[in-house]
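Quick notes on the structure that follows.
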Amino acid sequence: MPFIPHTDDDIQTMLTAVGVAAIDDLFDEIDPSLRNVSLDGIPEGASEQAITRLMHERAARDAGGLCFIGAGAYEHHVPAAVWEVATRGEFYSAYTPYQPEASQGTLQLVYEYQTMMCGLTGMDVANASLYDGASALAEAVLMAVRANRKSRSNRVLMPAGVHPFYREVAHNICANQGVVFEALEYEPASGTVDLNALERWAGEDVTALVIPQPNFFGGLEDVNTLTDWAHTNGAIAIGVINPVALALLAEPGRWGSGEGADIVVGEGQPLGAPMAGGGPYFGILCCRKKHVRQMPGRVVGRTQDIEGRDGYVLTLQPREQHIRRSKATSNICTNQGLLVTAATIHMSLLGPQGLESVAAASVANTQALVERLTAIDGVERVFDGPCFHECVLRLPAAADAVLEALAEKDIFGGLALRPFFGSLENCVLVCATETKTDADLDAYARALSDVLDARAAASVA
Amino acid sequence: MPFIPHTDDDIQTMLTAVGVAAIDDLFDEIDPSLRNVSLDGIPEGASEQAITRLMHERAARDAGGLCFIGAGAYEHHVPAAVWEVATRGEFYSAYTPYQPEASQGTLQLVYEYQTMMCGLTGMDVANASLYDGASALAEAVLMAVRANRKSRSNRVLMPAGVHPFYREVAHNICANQGVVFEALEYEPASGTVDLNALERWAGEDVTALVIPQPNFFGGLEDVNTLTDWAHTNGAIAIGVINPVALALLAEPGRWGSGEGADIVVGEGQPLGAPMAGGGPYFGILCCRKKHVRQMPGRVVGRTQDIEGRDGYVLTLQPREQHIRRSKATSNICTNQGLLVTAATIHMSLLGPQGLESVAAASVANTQALVERLTAIDGVERVFDGPCFHECVLRLPAAADAVLEALAEKDIFGGLALRPFFGSLENCVLVCATETKTDADLDAYARALSDVLDARAAASVA
Amino acid sequence: MTEKLIFEYSRPGRQARAQAPAHAPSREQAMANVPAALRRTSVLGLPEVSEMDAVRHYTRLSQLNFSIDTHFYPLGSCTMKHNPRACNTLASLPGFLNRHPLAPVSHGQGFMACLFDLQQMLTTVTGMAAVSLTPMAGAQGEFAGVAMIKAYHESRGDTERTEILVPDAAHGTNPATAVMCGCTVREIPTDSDGDVDVAALKQAVGPRTAGIMLTNPSTLGVFEQDILEIARIVHEAGGLLYYDGANLNAILGKVRPGDMGFDVIHMNLHKTFSTPHGGGGPGSGAIGVGKRLRDFMPIPVVGKDGEDDGARYRWLTEHDVPHTIGRLSAFMGNAGVLLRAYVYARLLGAEGMTRVAEFATLNSNYLMARLREHGFDVAFPERRASHEFIVTLKRQKQQLDVTATDFAKRLLDYGFHAPTIYFPLLVPECFLIEPTESESRETLDGFVAAMVAIWAEARDDAQILKNAPVSLPVRRLDEVAAAKNLDLRAQSAIAADA
Amino acid sequence: MTEKLIFEYSRPGRQARAQAPAHAPSREQAMANVPAALRRTSVLGLPEVSEMDAVRHYTRLSQLNFSIDTHFYPLGSCTMKHNPRACNTLASLPGFLNRHPLAPVSHGQGFMACLFDLQQMLTTVTGMAAVSLTPMAGAQGEFAGVAMIKAYHESRGDTERTEILVPDAAHGTNPATAVMCGCTVREIPTDSDGDVDVAALKQAVGPRTAGIMLTNPSTLGVFEQDILEIARIVHEAGGLLYYDGANLNAILGKVRPGDMGFDVIHMNLHKTFSTPHGGGGPGSGAIGVGKRLRDFMPIPVVGKDGEDDGARYRWLTEHDVPHTIGRLSAFMGNAGVLLRAYVYARLLGAEGMTRVAEFATLNSNYLMARLREHGFDVAFPERRASHEFIVTLKRQKQQLDVTATDFAKRLLDYGFHAPTIYFPLLVPECFLIEPTESESRETLDGFVAAMVAIWAEARDDAQILKNAPVSLPVRRLDEVAAAKNLDLRAQSAIAADA
């Protein structure tokens, strides 16, 4: 029996010890009407050999393709050591470190992760991770509502330049608790928050302002002005960041003229998680020390054992649902432990210089790509101003159709923006991380040129 | 610097401690004429990212293909746990267990391996492995020469049904020490040792007789008769086995009417090693206890520590070259430790029932394949008698050309035998292990039929 | 054995150079167009180590953990069973790992086929009408479930139904989730058999009842004997039933929540379908719904057009799921975890799933019987254990002044991870013990022997337990001090001005 | 911590069922055509365990090992440096792992391109004319080398040349190899500087000289100062020079054996090119040859026709290598190891190779200097250390009655693997210490501190060393008893009649 070690002898001995005749008797407290289960349609157990072959075939169907899509998930090189070590059984098959003395490996690693995250973001405290970037934003909003005792409105200003899926998730989770999201349009020339639109909220009861950096379009927000605006207006400043970008961009702990952002969230995927079809990733959440007791999720603290040796434990558990139940800061209990393990190893391997190189190469590749693509007739940048490693381009044809034609050449040319922003017709969001070579950029440019030429020829004909 | 941790500070401190000004000064005892090295043609260091991409591209070029080649390397399913555990750093990056107290993991594992090999072969003793099956045969021959004190001839009878590459390797290694290999032809109908030819050596000084089971053609030798012949004639009986086949075939420890084979060797690859383009595999070597001090290679023994606890050590080292130097039993020092690690885990996962199922399914698949292929006009078996999981078929066309045409359809149809056996024109050695499904067998039969039809049509036209 | 912090290996300028891009512009070049005020000027606070430093450090750290792969880990309610390695290996094939979540579906048919098949298998084995795989953990599955219940009532204009009934034995996530969904919580007591107090339930239901959240078997390790009656009461009152799948391992393939009358369930795939716990996650909280809630499922969900070789998979949209509560993650939940669950489900097959419940239950009842035989008190001696059961060490505490914590810490010295302690809250000094189906009888016997030995030690010299653990990398840790003097990051490693 | 034997977990009928084929005929069906006398009738002697049993057991066993990934491992002559994980990951891609060695070359161009490129890089960095990758370990590389030398003389009718000169400091494999090739061995003494005694060498060469086998730097940790003179003497006498590459790490990219005058070399790719040692193997003993021996190389060797996109790789045959000593392995040597070496070589590049020698030498000289500073005696204090050096504990033995073994065992307690002890044989109570380039200064300082502390312990109470190790899974093991009472397999597990 796969994964069940019982021999016939074992079963008999065990049944005798329990005092029943058959395993089925152990279910005799259950109403008999419930015990006739049909599992029609579930195939019989496959051998590992058969499933191995099936999965190889299916994986091969999805393999290949040169990816210029970003939009919240980024292709970065992950050093081989990351997952070779992270999937060691002692990390992979351990659980939440409820018995800290038997879980110092996981606990110390998370403590190191928290330290690195505080370093990257310039914040005081990091938790042990949340599910992903989008849900982390939702948790940050709820946290802001709890933390901002002066505000009664539960009103959160949400720029259009926050990832559309993040906005959706934040709404889907937070609206249940009466949070009201007010949209902040972007300024059409720059694609960044329209400061005039923001100014209309000055003096109102605003609970929090969300500040993306870089924003969904790859553009850079004036985070200092935004953070100061939030603090001037009694709002909590919630940064939404890309951790790789923080190698080059000012860290949220220093945004503005005061103490920086209050809460910082972001998608951890660029730190060692493969794109993997969308997950598992992990959500970053950091905050200032004064908000630590409003922070959701697990957190690890350093303490001592009875001989005075350093050791690590889960701490601040009274915030959590298994103690505080309906009064918990969140219902979240798991973190994304395995991904945090990988990220911590990943950050250790890259170090500050490595992470900076990844960021700088991504910026440079995206600039080079944009140059090559905008050299094609009819292709142009939509927004001015600097961008990080993504950029919005307008094509001289319907983006969907062009992207489909590119995909047939095994080039994933970016994300069509029309479904999310009605005004961005024919627009695509493109991204070129450090994984792209000059030859890759050339290949994209050539393919796009061919596709557009073919369309032009077809429309002439 | 990749893989070098030295900071500039470190280098300065260390040079000062040594008392030199520059690293290059440490090489000042070397003649200056030797110290101007040009490494033209060696590319500059690649990033892990670049080499990752290159290797993915190259591996993808070689991927795919339905493999019906056996001939000494066999496609078997290797459970995922095998290499996930075997490549754990503590196994992967450890060395020969010279400090046994710090190497109990490797040592105990090898002791378990030796026990399993004795179980499979029915022999008294197994060593910790040799390089591969072919070189293990060479070592067995040299061992037989040492062990057979009554024989002076250094004459070894080598059946033609021993893998041609094994025969080559044995010759290339042993001829240097004056070993003479005498060919034993196969009986044309059965493909097994021609007992009449063997009988011509009766009464002569024969040092050893090599006995393959199954033989290169997949056929089964009359191992009992051959073993008894060897012992009657004062020769050492050396079995060459496939360890998977031993799940169903009589173990060498029971061959013949006496005490069985004297030495047993074989290729360990079918026990958990991927085909991997030819290696690394490992050589099995087992023997009877009385020959243990003539055995080459490492061996692990159980002993006790000073508190009486069981522990494991390398033993019988006085046979080995680092003690005995020119009088050692062999120059071999490494074993194939990592492969033995994998094989031991592999055998533990399969267990006796699992290994038997692998063997039985392979036999059945090969039979089914042969039935399908011989149903095609002009395709026929060459030898009668039972076979294990390989079989020789004669095609109605040049084997090379047919195999090439099959390869274009991504089917590797077997090994052409003409280069090794001049008389086996148009013959291929085919193999279908447990990895093949009925659909695979059908695909081969269909493709072969198509290829032969196309050739027939072409030759008519 | 302890291990330094990674930061203590750090030296300025040291790096694992091969891991970074070979060619990158300088920080100044890359930031040339960026206003100075937006640029970073401080160090990053990451360690500077070689690849070997990192590999050695994290390998050593890993060895400080207990885990399934090294120890029996009978943590009640957590289903710490064997994680077949094939699940990891196969989910890690390059074709799956390198796929961007927004890549065209034409280039994701293999991945989507796996998810679709998993949806189908989970639908069948739970007896529900449909499954959405997107929730990223049990608690998010719970959220999705209660949010759907709320949306359902709202869609019918039944806006007063905002009260969620929760048994007092429930996991803390249940009331926490109800509150996250903007509901209020009403606790239902447990009767002396460990079942929901049906009389109290009858009192509690009414026009404000949105639904009830039930774990069945409950956290007390027993199957609700009155489950059909409970379903009837709640449904008749206009409420819906939510099944907390934390304990699904107990009944997998044997009894189905859909047949019991549940309208929505979540499954902890990291428990029942053996995806790894990973030191705390990722989990995976797929949800199943009955017909009433089908149109409310969270997206993305995989749909299929055509059959067999002509099958083509696509993402279902708001069009297909008109009342969807929407997206709960940026992309497709914990997709890689779902691939692992898929492989596991296929390896089990239908008969294997049923065996899960059978042998998890056999192991649990056997372990309970053996411990009782040696004089340990169990919480519900008259009941069958489900896949887990409760030992109460109240008597040991009274007689010998040793606590459940003391027993737990001493078990670590015996090479066993401790069971869940002090949960459920209703039972004093309790051990919630879940052996799972993948442990052998010898291992269970070894655990019994350790428990017996520890009790004997307690009689002999309670200090032995109080001093435990003595064989681990650290002795007992001061958790109170940790909460009081918060030390949540290594100060020395914090970014200073560059 | 110790761990039972796998056989002690075995129970009749237990198995890891998913790992076996789903459908297999019975033993009787499969053997229906096979005569009864050829069938197996006894049990197989393999353990019967679950997947979890096996994973848990071997995971626990692994934790009993010291290894590079967990410990400093300064084993002289073994080059225990960091094994970059990319080498393993990339050599394990399915396209490489699943390739049959006899698959058509049309379906192996990716694999063969890697081998060809590796041949080229090794040729350049050693200064030889060509490389064959096929030998499966250093000793097989040695065999190939001496066999080529012998074949070379024979091809010229120079059949009296069967004597191989070997310095007395050489690895034991050198004389053992010469004998395996049917040669006789003549030892050459070492002079007081650790170099080959040139006067003695002059005496020894003659018309019977087939060649000399040299390790340079030698096993004494010093570079032969007279290497050009030695080459001249041997060549003029009609012999060839064999370079034992065990210590190639010391000079990689810095000095080339080809430039020194060697005619043939072997490389230990598992040392210098960092493929894993794997607990004892696989090694890889690629050989390089000068022009005279090019036609004698063992096959298979990869050849290339065309360039760039038009390049096509093929196996060279006896036609290309007319005097080949032939095949030494069934297929392509330790092919997967070669892929690992290829990845490592590419990651290093030319400048990285040179750094290997430089920093291995720097670490060695630094460690030697630091130990001398603390009063330890080194074997050749007036010489530069190469990548390794020798400490002799003769004085400690005389004064304190502690041996090199005692020091070595106590080092284990300090968390360091011991250096090579009692080799080379010429130096009493010796430690041959090779730190490698991948260790940091702090690690070397830690080792020095441990050595100093142990010496202090020895002065204080020698019994502390005699009792060592005390912190490992077992205490000191009785190796004499092991050799005397041979116990080479677990008796209980041996096959009995079925």
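- Neither the backbone nor the side chain of C:Gln120 comes within less than 4.5 Å of any heavy atom in chain A.
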As a quick check of understanding, evaluate salt bridge (Lys or Arg N to Asp or Glu O under 4.0 Å) for A:Asp28 and C:Arg384, giving each step before the final call. CA-CA 8 Å; A:Asp28 59 8; C:Arg384 297 281 183 221; 2.8 Å; yes
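- A salt bridge links C:Lys409 with A:Glu101: the distance from a Lys NZ or Arg NE/NH1/NH2 to an Asp or Glu carboxylate oxygen falls below 4.0 Å.
- Judged by a 6.0 Å distance limit and a 45° cone about the ring axis, C:Arg327 is positioned over the six-membered ring of A:Phe165.
- Checked against side chain to side chain contact (heavy atoms under 4.5 Å, CB included), A:Asp222 has the following partners two or more places apart in sequence or in another chain: A:Asn224, A:Thr225.
- The shortest distance between side-chain heavy atoms of C:His57 and A:Ser348 does not fall below 4.5 Å.
- In this structure, the portion of A:Ser33 lying under 4.5 Å from any heavy atom of chain C is its side chain and not its backbone.
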Are A:Val223 and C:Leu38 close enough, and set up right, to give a side-chain contact (heavy atoms from CB on, under 4.5 Å), and what steps lead you there? CA-CA 7 Å; A:Val223 290; C:Leu38 300 184; 3.8 Å; yes
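- Both the backbone and the side chain of C:His100 come within contact range of chain A, each with at least one heavy atom under 4.5 Å from a heavy atom of that chain.
- With contacts defined as side-chain heavy-atom distances shorter than 4.5 Å, the pair C:Leu93/A:His56 qualifies.
- Taking the centre of each ring, C:His107 and A:Phe412 come in below the 6.0 Å mark.
- The cationic group of C:Lys254 lies under 6.0 Å from the six-membered ring centre of A:Phe27 and within 45° of the ring axis, placing it in a cation-pi geometry.
- A:Glu44 has its side chain within reach of C:Glu351: a pair of non-hydrogen atoms, C-beta onward, lies under 4.5 Å apart.
- With a threshold of 4.5 angstrom between heavy atoms, C:Asp259 approaches chain A through its backbone and through its side chain.
- Side chains of C:Asp487 and A:Tyr111: a donor-acceptor N/O pair is present below 3.5 angstrom, by distance only.
- Checked for salt-bridge contact, C:Arg383 and A:Glu29 meet the test: a charged N lies under 4.0 Å from a carboxylate O.
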